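Structure first, then comments.
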Amino acid sequence: QVQLVESGGGSVQAGGSLRLSCAASGYTPSGNLMGWFRQAPGKEREGVAAIYTSSGDTYYYYDDSVEGRFTISRDNAKNTLCLQMNSLRPDDTAIYYCAAAVGPGSYSPLSSYRYNSWGQGTRVTVSS
């Protein structure tokens, strides 16, 4: 059974940085699609970033709202997925979720429908 545990959330002022981590167990992230999502109060969950490796090539996917500010990465040796968030803005405030897609699928890497395992979330608050 796949287990995902996020950490690294917190409160920061606008312009600051945070680094989120997701520890995976019962599952090897290398070569499989993993992503970060977020859900702000009163809003739907949205895809932030995703990473996928196939045949030695790694593909990165970012939502336009975070492109150039957020960086997704993974440490295969540690079975960890990370999200480096820089130049944070108040509208980045949300609960951030780590997700894993086990098996093939047809949805976009930034669509929540593509994923079948989720962490419990970590809260990020950005104040102005």
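The shown structure was predicted, so the numbers you read here are calculated from the model rather than taken from an experiment. Note: hydrogens, waters and symmetry copies are ignored here, and every other heavy atom, side chains too, is used. For the single chain, residues carry numbers from 1 onward in sequence order.
Looking only at side-chain heavy atoms (C-beta outward), Leu4 and Ser117 come within less than 4.5 Å of each other. Tyr59 is not listed as a side-chain neighbour of Thr53, based on a closest heavy-atom distance of 4.5 Å or more. The shortest distance between side-chain heavy atoms of Val2 and Val102 falls below 4.5 Å. Side-chain contact between Ser73 and Gln84 is absent, with no heavy-atom pair separated by less than 4.5 Å.
Under 3.5 Å, the side chains of Ser7 and Ser21 contain no donor-acceptor pair of N or O atoms. If you check the side chains of Arg89 and Ser128, you find no donor sitting under 3.5 Å from an acceptor.
If you check the gamma sulfurs of Cys98 and Cys22, they are less than 2.5 Å from each other.
Aromatic pair Trp118/Phe37: centroids less than 6.0 angstrom apart. You'll find the ring centres of Tyr52 and Tyr61 outside the 6.0 Å limit.
Under the 3.5 Å distance criterion, the side-chain polar atoms of Tyr62 are matched with a main-chain donor or acceptor of Ile72. Between the side chain of Thr122 and the main chain of Gly9, a donor-acceptor pair closer than 3.5 Å is present. Using a distance-only test at 3.5 Å, with no hydrogens or angles considered, a donor-acceptor pair links the side chain of Thr80 to the main chain of Lys78. Using a distance-only test at 3.5 Å, with no hydrogens or angles considered, a donor-acceptor pair links the side chain of Glu6 to the main chain of Gln120.
When all heavy atoms of Leu81 and Gly35 are compared, the pair lying nearest together is CD2-O, 3.9 Å. Across all their heavy atoms, Ser87 and Arg69 have their closest contact at O-NH1, 2.9 Å. Of all the heavy atoms in Pro109 and Ala50, the pair that sits closest is O-CB, 3.6 Å.
Surrounding CZ of Arg19 are more than 12 heavy atoms belonging to other residues, nucleotides or ligands, all under 6.0 Å away.
Here the straight-line distance linking atom CG of Leu20 with atom OH of Tyr96 works out to 7.5 Å at 0.5 Å rounding. The structure places OG of Ser54 at 11.0 Å from CG of Leu33, a figure rounded to the nearest 0.5 Å. With rounding to the nearest 0.5 angstrom, the OG atom of Ser25 is 8.0 Å from the CG atom of Asn79.
Residue pairs meeting the salt bridge (charged side-chain N to carboxylate O under 4.0 Å, His left out) criterion with at least one member in residues 45-68, sequence neighbours excluded, are Arg38-Glu46.
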Criterion side chain to side chain contact (heavy atoms under 4.5 Å, CB included) on Thr71 and Leu83, from CA distance to verdict: CA-CA 6 Å; Thr71 302; Leu83 184 68; over 6 Å; no

Derivation of the side chain to side chain donor-acceptor pair (under 3.5 Å) call for Thr93 and Thr125: CA-CA 5 Å; Thr93 295; Thr125 303; 5.4 Å; no

Residues Asn86, Phe70; criterion side chain to side chain contact (heavy atoms under 4.5 Å, CB included); working and verdict: CA-CA 6 Å; Asn86 298 328; Phe70 291 10; over 6 Å; no

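Under a hydrophobic-cluster definition in which Ile, Leu, Val, Met, Phe, Trp and Tyr are linked whenever side-chain heavy atoms come within less than 4.5 Å, directly or via other members, Tyr60 and Met34 are assigned to the same cluster.
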